[in-house]
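For ligands, and for the atoms within them, numbers begin at 1 and follow the listed sequence.
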Amino acid sequence: MKSNKFYIRTYGCQMNVADSELVAGILSDAGYQKVNTIDEADIIIFNSCTVRQHAEDRVLGRITAESKRKKQNPNMLIGLIGCVAQRKGKKLLEEIKSLDFVVGTDQYRQLPKIITSCMKRKEHLFADVQNNIENYENIYPVRNNGVNTFVTIMRGCNNFCSYCIVPYVRGRERSRNHKEILHEIENVGNEGFKDVTLLGQNVNSYNDSEYTFPELLKYASQISTIERLRFVTSHPKDISDKVIEVMAAEPKLCEHLHLPMQSGSDRILEKMNRNYTSEKYLSIIHKLQDAIPNIAITTDVMVGFPGETEEDFLQTYNLMKQIRFDYAFTFKYSHREGTAAASYAEQIPEKTRLSRLQKLIELQEQITFEKYQEQIGRTVQVYVEHTSKKSDKELSGRTRDNKIAVFPGDKKLIGTFVDIEIIDATGWTLKGKQINPT
Ligand code: 5AD
Ligand code: SF4
């Protein structure tokens, strides 16, 4: 019997989640069958992240751990795709003997052919050529179950922030054709995904030579089959007044923006090659808050970039305290071979990086706690996603400003929009009760 059941485990960012759905589309078209548990699979594919060393170690460790499955199923194939595959390529086949194939981010169309060759000839194969143009047009992703989804609008990044490996592994920016994007949004809406996130490493520089990002955003938000629209990730240097205007004007655009700040020190921002100052960043925040009342703003912040002094760190700490993000993803700088920052002098000791990180985490936990407490008493609309993890008599939904809220309710409400009053908040979850239950 042909072994054709594949399982994909995804690590890393939303782009990888979307890419796994794309790969599932490519393999399904070629006659392979997607399964939802690793135990059912003949082909196990790991979609990897290399943004920090820890992410890379995790996925490689997992491959080694899962390799013992090959003893029970000698026909099993194990493959690695994504950013680690792109970064390390062929070398990985020598380093990890249980790996059958390694396929980089621009070569997913080759997967069916590669898998067939691996099966037939017991070869170990790789494809890691970066072509900087692959946009995966005409491939329809097999989306994960759920009620919200991503639509990729562009791939790659040209920014070369000095700490970041992404431009090296994902190549140059390229935008998908706007007609394909708008069509895909309409389709996913028809399939029942009413909350859609436009996806790209740097969405604000979208340009398919007909539309730029604000135009795409405007037309996308007017598509009648969806109810909510979001987008990630934005770069502060590229977010224009026009985008803010569209966000304020279009009812389906949600009141949430993820805007990576990275640092509060102008000296460090310059060394990071971010092309904005803390003052500019703050002015964007103010514009957003003026234009969109109750907007939730989330961010990425990094500590321990080479040369970061206690004073630089304090500026980051103070800016976070001033802005009061709804949530912040906090990272300690991780050395990535090949990036500009890897060769900078004054690498910061691990102990210092850790203690700075801890301080930011504690600050943000307190701010998030206060922000969530401020929600009590408000009436908000939630899009019901699933039953809550704790009880199947409770539902879990997402607010327009991207917070999770749980409330008692019947399963049949999954996939619908419900108004709730927030009555409590614990950690990162709001608790509510339905208004006018039917
Ligand atoms: N070390 C630590 N964090 C990093 N990020 C990107 N590269 C690195 C690195 N070398 C963080 C940035 C980015 C987020 C996705 O990951 O904050 O916004
Ligand atoms: Fe990396 Fe900067 Fe590009 Fe984001 S904008 S992917 S941090 S290089």
**Student:** Is atom 1 (Fe) of ligand 2 in close reach of the protein, with a heavy atom under 4.0 Å away?
**Tutor:** yes
**Student:** For atom 8 (S) of ligand 2, find the nearest protein heavy atom and state the residue, atom name and distance (0.1 Å precision).
**Tutor:** Cys161 N, 3.4 Å
**Student:** Would you say the side-chain atoms of Glu134 pair up with the backbone N or O of Tyr136, donor to acceptor, closer than 3.5 Å?
**Tutor:** yes
**Student:** Considering heavy atoms of the protein only, find what lies nearest to atom 5 (S) of ligand 2 and give residue, atom and distance to 0.1 Å.
**Tutor:** Asn159 ND2, 3.3 Å
**Student:** Could you check whether Glu311 and Gln315, counting side-chain N and O atoms only, form a donor-acceptor pair closer than 3.5 Å?
**Tutor:** yes
**Student:** Quick one: does His335 get within less than 4.0 Å of ligand 1, heavy atoms only?
**Tutor:** no
**Student:** Among protein heavy atoms, which lies nearest atom 7 (N) of ligand 1, and at what distance?
**Tutor:** Tyr163 CD1, 3.3 Å
**Student:** Within the 4.0 Å heavy-atom shell around His235, which atoms of ligand 2 are there?
**Tutor:** 5 (S)
**Student:** Side chain, backbone, both or neither: which part of Pro167 has a heavy atom under 4.0 Å from ligand 2?
**Tutor:** side chain
**Student:** With only distance considered, is Arg336 within less than 3.5 Å of ligand 1 through an N or O on each side?
**Tutor:** no
**Student:** Heavy atom to atom 17 (O) of ligand 1, shortest distance: which of Met302, Gln201, Lys332, Gln262 holds it?
**Tutor:** Gln262
**Student:** Counting neighbours of NE2 on His54 that are heavy atoms of other residues, nucleotides or ligands and sit closer than 6.0 Å, is the number greater than 12?
**Tutor:** no
**Student:** Say whether Asn202 and Glu173, considering side chains only, have a donor N or O and an acceptor N or O under 3.5 Å apart.
**Tutor:** yes
**Student:** For atom 3 (Fe) of ligand 2, what is the closest protein heavy atom, and at what distance to 0.1 Å?
**Tutor:** Cys157 SG, 2.3 Å
**Student:** Determine whether a donor-acceptor pair (N or O, by modelled atom type, separation under 3.5 Å) exists between the side chain of Arg356 and the backbone of Gly304.
**Tutor:** no
**Student:** Report the nearest protein non-hydrogen atom to atom 7 (S) of ligand 2: residue, atom name, distance rounded to 0.1 Å.
**Tutor:** Tyr163 OH, 3.4 Å
**Student:** May I ask you to list the atoms of ligand 2 that are less than 4.0 angstrom from any heavy atom of Gln201?
**Tutor:** 6 (S)
**Student:** Asp300 heavy atoms, cut-off 4.0 Å: which ligand 1 atoms fall inside?
**Tutor:** 13 (C), 14 (C), 15 (C), 17 (O), 18 (O)
**Student:** When you compare the side chains of Glu365 and Thr368, does any donor N or O come within less than 3.5 Å of an acceptor on the partner?
**Tutor:** no
**Student:** Quick check, are the ring centers of Phe329 and Tyr327 under 6.0 angstrom apart?
**Tutor:** yes
**Student:** Under the criterion ring pair (Phe, Tyr, Trp, His ring centres under 6.0 Å), which of Tyr211, Phe213, Tyr206 is the partner of His178?
**Tutor:** Tyr211
**Student:** Give the residue and atom name of whichever protein heavy atom lies nearest to atom 1 (N) of ligand 1, and the separation in Å to one decimal.
**Tutor:** Ser334 N, 2.8 Å
**Student:** For atom 2 (Fe) of ligand 2, decide whether Cys164 has an N, O or S atom at a distance under 2.8 Å.
**Tutor:** no
**Student:** Looking at ligand 2, would Arg170 count as a contact under a 4.0 Å heavy-atom criterion?
**Tutor:** no
**Student:** Going by the atom numbers of ligand 1, which of them fall below 4.0 Å from some non-hydrogen atom of Val51?
**Tutor:** 6 (C), 7 (N), 8 (C), 9 (C), 10 (N)
**Student:** Do any N or O atoms from the side chain of Asp312 and from the backbone of Thr309 form a donor-acceptor pair under 3.5 angstrom?
**Tutor:** yes
**Student:** Which one holds for Phe331 and ligand 1: side chain close, backbone close, both close, or neither close, with close meaning a heavy atom under 4.0 Å?
**Tutor:** side chain
**Student:** Which value, rounded to the nearest 0.5 Å, describes the distance between Thr330 atom OG1 and Gln358 atom CD?
**Tutor:** 9.0 Å
**Student:** Indicate whether the side chain of Gln53 and that of Arg58 have a donor and an acceptor atom separated by less than 3.5 Å.
**Tutor:** no
**Student:** Ligand 2 versus Glu173, non-hydrogen atoms closer than 4.0 Å: side chain, backbone, both, neither?
**Tutor:** neither
**Student:** Does Asp195 reach the main-chain N or O of Tyr383 with its side chain, forming a donor-acceptor pair under 3.5 Å?
**Tutor:** no
**Student:** Check for a donor-acceptor pair, side chain of Gln364 on one end and backbone N or O of Ile361 on the other, with a separation under 3.5 Å.
**Tutor:** no
**Student:** Can you confirm, on distance only, whether ligand 1 has an N/O atom lying under 3.5 Å from any N/O atom belonging to Arg52?
**Tutor:** yes
**Student:** For ligand 2, which atoms sit closer than 4.0 Å to a heavy atom of Phe160?
**Tutor:** 8 (S)
